[in-house]
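First comes the structure, then the notes that go with it.
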Amino acid sequence: GTYAATLNMTSGSVCYGSTVGKYVKVGNQVTYTAWVYLTSVSSPSGALNITLPFAIPSTTTRPASMLVANNMTGVTGNVGGWINPNTATLYLVAVSGGVMAALTGANLTSNSELYITITYNI
């Protein structure tokens with residue numbers, strides 16, 4: 001199926017050049033891939049997250065994801081994300097030197113891109 005990836009944050013706004021997202025569901029396993037491309041940002045702030053097509057149940061271990069970030073301000077190290085049980089929210093983080101920090105609206109610029117792949121059980 002298709003499911004557009006859009007960024008959620010506390011405040012501000014972004015304009016999208018693309019929000020392509022697709023998922024494959026086989027049994028209770030979902031693999032979701034997406035590309036988010038921004039053309040402009042306006043005062044974005046707060047932790048960034050993306051809503052996924054399906055929520056994970058409370059009995060599922062927090063799955064990790066693979067993300068590639070391009071043209072983002074102040075992002076060093078590896079970029080990834082995780083989902084809390086009983087949600088369909090992928091929280092975006094950067095890990096550098098063993099320290100994990102949330103990606104925020106302050107990291108976004110015009111031309112920021114995110115490439116996302118996550119496989120999880122529902």
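The model shown is predicted, which means the values in this text are computed figures rather than measured ones. For reference, positions follow the sequence shown, starting with 1.
- Under the side chain to side chain contact (heavy atoms under 4.5 Å, CB included) criterion, Asn28 pairs with Asn121, Ile122, not counting sequence neighbours.
- Between Ile83 and Leu52, the closest side-chain pair of non-hydrogen atoms falls below 4.5 Å.
- Evaluation of the side chain to side chain contact (heavy atoms under 4.5 Å, CB included) rule for Thr109 yields Asn71, Thr73, Ser112 as partners, not counting sequence neighbours.
- Within the structure, side-chain hydrogen bond (donor to acceptor under 3.5 Å, both in side chains) contacts touching residues 18-27 (residues at least two apart or in different chains) do not occur.
- The two residues Val79 and Ala69 make their nearest non-hydrogen contact at CG2-CB, 3.9 Å.
- The line from CG of Asn107 to CG of Leu48 is 6.5 Å long, rounded to the nearest 0.5 Å.
- Looking at residues two or more places apart in sequence or on another chain, you find a side chain to side chain contact (heavy atoms under 4.5 Å, CB included) between Val24 and Val26.
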Sequence neighbours left out, cut at 3.5 Å: what donor-acceptor pairs do the side chains of residues 87-106 make with other protein atoms?
| residue | atom | partner | partner atom | Å |
| --- | --- | --- | --- | --- |
| Thr87 | OG1 | Asn84 | O | 2.6 |
| Thr104 | OG1 | Ala106 | N | 3.3 |

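- Checking Thr117 against Thr33 by side-chain atom types alone, no donor-acceptor pair falls below 3.5 Å.
- Side-chain atoms of Tyr120 come within 3.5 Å of backbone atoms of Phe54 as a donor-acceptor pair (strictly under, hydrogens ignored).
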Handout entry: side chain to side chain contact (heavy atoms under 4.5 Å, CB included) between Thr119 and Gln29, intermediate numbers included
Key = CA-CA 7 Å; Thr119 298; Gln29 187 176 67; 3.7 Å; yes
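- The minimum heavy-atom distance between Leu67 and Gly81, with the atom names listed, is CD1-N, 3.8 Å.
- If you take CG on Leu108 and OG on Ser45, they are separated by 10.5 Å, rounding to the nearest 0.5 Å.
- Thr6 pairs by the side chain to side chain donor-acceptor pair (under 3.5 Å) definition with nothing, not counting sequence neighbours.
- Partners of Asn70 according to the side chain to side chain donor-acceptor pair (under 3.5 Å) rule, which considers only residues two or more places apart in sequence or in another chain, are Glu113.
- Asn111 pairs by the side chain to side chain donor-acceptor pair (under 3.5 Å) definition with Tyr37, not counting sequence neighbours.
- Among residues two or more places apart in sequence or in another chain, the side chain to side chain donor-acceptor pair (under 3.5 Å) test is passed with Ser40 by none.
- Using cut-offs of 30° and 60° for the angle between ring planes, the Trp35 and Tyr115 rings count as parallel.
- Judged by distance alone, the side chain of Asn86 and the main-chain N or O of Ser58 form a donor-acceptor pair under 3.5 Å.
- The shortest distance between side-chain heavy atoms of Ile118 and Thr31 does not fall below 4.5 Å.
- Met9 and Pro44 make their closest contact through SD-CB, 3.3 Å (heavy atoms, listed as atom of the first residue, atom of the second, distance).
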